Peer 1: 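Can you read through this structure? Questions will come right after.
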Amino acid sequence: MIKIYKSNEWNAQSISQRKTPLSADVKKAAEDIVNDVKARGDKALYEYTAKFDKVSLDSLEVTDAEIEEAMNEVSPEFIRILKTAKANIERFHKMQLRDGFRIYDDGIILGQVITPLAKVGVYVPGGTASYPSTVLMDTVPAKIAGVGEIIMVTPPSKSGKVASPILAAAKIAGVDRIFKIGGAQAIGALAYSTESVPAVDKIVGPGNMFVAAAKTLVSGIVGIDMVAGPSEILVIADESASPFVVAGDLLSQAEHDRSAAAILVTTSEELAKRVSAELEVQLEALPRNEITRESIDSASAIIVVDNIDEAIEISNSIAPEHLEICLDNAMDYLPKIKNAGSIFLGHNTPEALGDYYAGTNHTLPTNSTARFYSPLSVDDFIKKSSYISYSYEALERVKDDIEYFAEAEGLSAHARSVTNRFKKGSN
């Protein structure tokens, strides 16, 4: 059963302590796999797929025929929903597009150009669940940014196939190539390339601890979005909230992972007790109740506070991945929220809206990293370059300042690279 605390009883560090850093064993295993893929290419990928996914493949790449088969296997209703969700994600993320700029000032030109990444790898988890939503969330912003090619990797089933909903989402989102590989080996392939898999400029998407370790390892060889930990949700609520609804929202994240955290911060002791009871009722009916039970019992909490400002202070200290504000006047509190991945305002805004449909991105910072990371966005798929142009007269006006600055740092060649242009015969 979930634990109920008074605010002065609860340890604010417990949310981050539930997620221990990647162990040395996990890091070493990921490093060995990545290095093996780097050295042996496709041969290593086939062997690891047989070992970890329990299937021997004839080919690593998903064929057009497999994609068409998947499109025929999923229902027309699911295709419609995928297309609607894609449109919503496009509408939101197109607002993130930005242009470069140029400044003119008496012989000086300064500016910035924005260039999309050439090639991006999207990791889509397999294992205990299928995530076509991740395909949309990680691919659509990349397409909007203008990425040249999108390579998707995802573990195959024991039948050697990729789940049809994932392939359907990839087709609708516009993924260019798909490979049946997962784990650290997939990250190694995307970072270093193999005979079949091209190297990319950046890797995005969540995965298990070995994927996270591999992403950390190859960061710097390629870009990565973030290292994701188990999911988390924090709900701020008062007596106006429904215990039935709040319990359901907490469980929506608890079912993700045994280490997922579901936290309610409330001003109402009555709500706290009723949510605790309701969790027990709803949990028993969930298909993933064993996973959910461990999350609720070991990684989750209900915290009773004196007022909403105290609730917000706790929330900001936790910096949750998902934050629901289940209050009648939820929008009034938005300016006070400083740290959160995605914020859901009001009684009718469940976190699942953001996971699937509304248009905001569901690839979010976890484990209190919302203090300094942001949700995945178009910005993750662009790079910025600055440029400078000075006329002879403009440089002449500032040459002494630059020479003085360079000499102050002990870098005489820097100084001379400016003053040389004004010496007799330099032209």
Side-chain angles (χ1 to χ4, degrees), residues 2 4-7 10 12 15 85 88-89 91-93 95-96 133 137 231-256 260-276 278-279 282 300-366 368-371 373-377:
I2 197 166
I4 300 177
Y5 301 91
K6 295 283 191 181
S7 59
W10 185 70
I15 183 70
N88 291 342
I89 297 165
R91 179 180 62 177
F92 180 83
H93 287 81
M95 298 300 292
Q96 298 171 343
S133 57
M137 294 291 178
S231 188
E232 63 215 22
I233 184 171
L234 188 146
V235 178
I236 295 174
D238 61 11
E239 64 280 354
S240 67
S242 160
F244 179 79
V245 167
V246 170
D249 289 359
L250 293 173
L251 292 171
S252 73
Q253 290 308 297
E255 73 173 348
H256 266 297
I263 297 173
L264 168 62
V265 186
T266 179
T267 55
S268 170
E269 288 191 35
E270 179 64 20
L271 181 72
K273 294 174 183 175
R274 293 179 65 187
V275 168
S276 176
E278 189 62 48
L279 283 170
Q282 294 188 32
S300 302
I302 297 175
I303 308 163
V304 180
V305 296
D306 292 332
N307 53 62
I308 296 300
D309 284 340
E310 187 180 4
I312 290 173
E313 184 179 347
I314 289 174
S315 177
N316 282 333
S317 71
I318 291 173
E321 178 187 11
H322 309 93
L323 170 61
E324 286 189 8
I325 303 181
C326 294
L327 305 171
D328 287 338
N329 55 338
M331 192 68 73
D332 294 346
Y333 291 99
L334 182 58
K336 295 185 177 183
I337 304 303
K338 305 305 179 186
N339 301 320
S342 193
I343 306 165
F344 303 81
L345 298 162
H347 296 297
N348 301 307
T349 315
E351 182 275 327
L353 271 172
D355 267 358
Y356 300 112
Y357 203 77
T360 55
N361 208 286
H362 83 191
T363 300
L364 302 169
T366 62
S368 298
T369 59
R371 293 177 294 112
Y373 277 136
S374 303
L376 193 75
S377 72

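Here the structure is a predicted model, which is why all the values come from computation and not from measurement. For the numbers below, each heavy atom of this structure counts, side chains included, while hydrogens, waters and symmetry mates do not.
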Peer 1: On a heavy-atom basis, which atom in P335 and which in D332 lie closest, and how many Å separate them?
Peer 2: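 In this case the closest contact between P335 and D332 is CD-O, 3.5 Å.
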
Peer 1: Of all heavy-atom pairs between A319 and A370, which one has the smallest distance, and what is that distance?
Peer 2: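 Closest approach of A319 to A370, heavy atoms only: O-CB, 3.7 Å.
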
Peer 1: Measuring from atom CD1 of I89 to atom OG of S133, what distance do you get when rounded to the nearest 0.5 angstrom?
Peer 2: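 Between I89 CD1 and S133 OG, I get 8.5 Å after rounding to 0.5 Å.
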
Peer 1: Is any side-chain heavy atom of P320 less than 4.5 Å from a side-chain heavy atom of S315?
Peer 2: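 They are in side-chain contact.
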
Peer 1: With distance as the sole test, does N361 use its side chain to make a donor-acceptor pair with the main-chain N or O of S377 at under 3.5 Å?
Peer 2: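 No, the answer is negative, given that no donor and acceptor are paired below the 3.5 Å cut-off.
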
Peer 1: Which residues pass the side chain to side chain donor-acceptor pair (under 3.5 Å) test with S242, not counting sequence neighbours?
Peer 2: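 Partners of S242 under the side chain to side chain donor-acceptor pair (under 3.5 Å) test: none.
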
Peer 1: Using a strict 4.0 Å threshold on nitrogen-to-oxygen distance, state whether R274 and E269 make a salt bridge.
Peer 2: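 So R274 does not pair with E269 through a salt bridge.
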
Peer 1: Going by the rule side chain to side chain donor-acceptor pair (under 3.5 Å), which residues pair with D328 if we only count those two or more places apart in sequence or in a different chain?
Peer 2: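 Listed in chain order: H347.
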
Peer 1: Once side chain to side chain donor-acceptor pair (under 3.5 Å) is applied, do any residues pair with D306, and if so which ones, sequence neighbours excluded?
Peer 2: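 D306 satisfies side chain to side chain donor-acceptor pair (under 3.5 Å) with no residue once adjacent residues are dropped.
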
Peer 1: Where is the tightest heavy-atom contact between I343 and I337, given as atom of each residue plus distance?
Peer 2: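 Minimum heavy-atom contact is CD1-CG2, 3.7 Å.
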
Peer 1: Apply side-chain contact (heavy atoms from CB on, under 4.5 Å) to S268 and list each qualifying residue two or more places apart in sequence or on a separate chain.
Peer 2: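 Only E239, T266, E270, L271 meet the side-chain contact (heavy atoms from CB on, under 4.5 Å) criterion with S268.
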
Peer 1: Rounded to the nearest 0.5 Å, how far does NE2 of H322 lie from OG of S342?
Peer 2: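 Result: 7.0 Å between the selected atoms.
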
Peer 1: For A301, which residues count as a side-chain contact (heavy atoms from CB on, under 4.5 Å) partner, sequence neighbours excluded?
Peer 2: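 Partners of A301 by the side-chain contact (heavy atoms from CB on, under 4.5 Å) criterion, ordered by chain and then number, come out as Y5, W10.
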
Peer 1: Nearest 0.5 Å, what's the CG-OG distance between L234 and S317?
Peer 2: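 Atom-to-atom, L234:CG and S317:OG are 8.5 Å apart.
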
Peer 1: Answer yes or no: are there more than 12 heavy-atom neighbours, outside Y356 itself, under 6.0 Å from its atom OH?
Peer 2: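 Not more than 12 within 6.0 Å, no.
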
Peer 1: Work out which heavy atom in E278 is nearest to a heavy atom in A247; give both atom names and the distance.
Peer 2: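 Looking at all heavy atoms of both residues, the closest pair is CG-CB, 3.6 Å.
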
Peer 1: Could I get the full list of side-chain contact (heavy atoms from CB on, under 4.5 Å) partners for M331, not counting sequence neighbours?
Peer 2: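 Here the qualifying residues are L334, L345.
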
Peer 1: Which atom names give the shortest non-hydrogen contact between T366 and T369, and what distance separates them?
Peer 2: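 Minimum heavy-atom contact is O-OG1, 2.5 Å.
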
Peer 1: Distance check, rounded to the nearest 0.5 Å: L251 atom CG versus I233 atom CD1?
Peer 2: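 One finds 9.5 Å between CG of L251 and CD1 of I233.
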
Peer 1: Checking K273 now: which residues fulfil side chain to side chain donor-acceptor pair (under 3.5 Å) with it, not counting sequence neighbours?
Peer 2: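 Partners of K273 by the side chain to side chain donor-acceptor pair (under 3.5 Å) criterion come out as none, since no residue qualifies.
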
Peer 1: Looking at S7 and I303, what are the two nearest heavy atoms and their distance?
Peer 2: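 Taking every non-hydrogen atom into account, CA-CG2, 3.8 Å.
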
Peer 1: List the steps, then state whether side-chain contact (heavy atoms from CB on, under 4.5 Å) holds for V246 with L264.
Peer 2: CA-CA 8 Å; V246 170; L264 168 62; 4.0 Å; yes

Peer 1: Could you give all pairs that pass the salt bridge (Lys or Arg N to Asp or Glu O under 4.0 Å) test and reach residues 309-327, with sequence neighbours left out?
Peer 2: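 Qualifying pairs, neighbours excluded: D309-K336.
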
Peer 1: Check the pair E232, I263 against side-chain contact (heavy atoms from CB on, under 4.5 Å), reporting the backbone distance first and the verdict last.
Peer 2: CA-CA 8 Å; E232 63 215 22; I263 297 173; over 6 Å; no

Peer 1: Just by distance, do the side chain of N88 and the backbone of Y357 share a donor-acceptor pair under 3.5 Å?
Peer 2: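 A pair under 3.5 Å: yes.
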
Peer 1: To the nearest 0.5 Å, how far apart are CG in L323 and CG in L364?
Peer 2: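 Output value for this atom pair is 11.5 Å.
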
Peer 1: Is there side-chain contact between V305 and I314, with at least one heavy-atom pair below 4.5 Å?
Peer 2: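 Of all side-chain heavy-atom pairs linking I314 with V305, at least one is under 4.5 Å.
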
Peer 1: Return yes if some donor-acceptor pair links the side-chain N/O of S252 with the main-chain N/O of D249 below 3.5 Å, else return no.
Peer 2: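 Checked: pair present.
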
Peer 1: With sequence neighbours left out, which residue pairs that include part of residues 337-364 fulfil the salt bridge (Lys or Arg N to Asp or Glu O under 4.0 Å) condition?
Peer 2: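 Found none.
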
Peer 1: Who passes side-chain contact (heavy atoms from CB on, under 4.5 Å) against S276, sequence neighbours left out?
Peer 2: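 Counting only residues at least two positions away or on another chain, S276 forms a side-chain contact (heavy atoms from CB on, under 4.5 Å) with M1, I2, I4, I302.
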
Peer 1: To the nearest 0.5 Å, what is the distance between CD1 on I236 and CD1 on I325?
Peer 2: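 Result: 5.0 Å between the selected atoms.
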
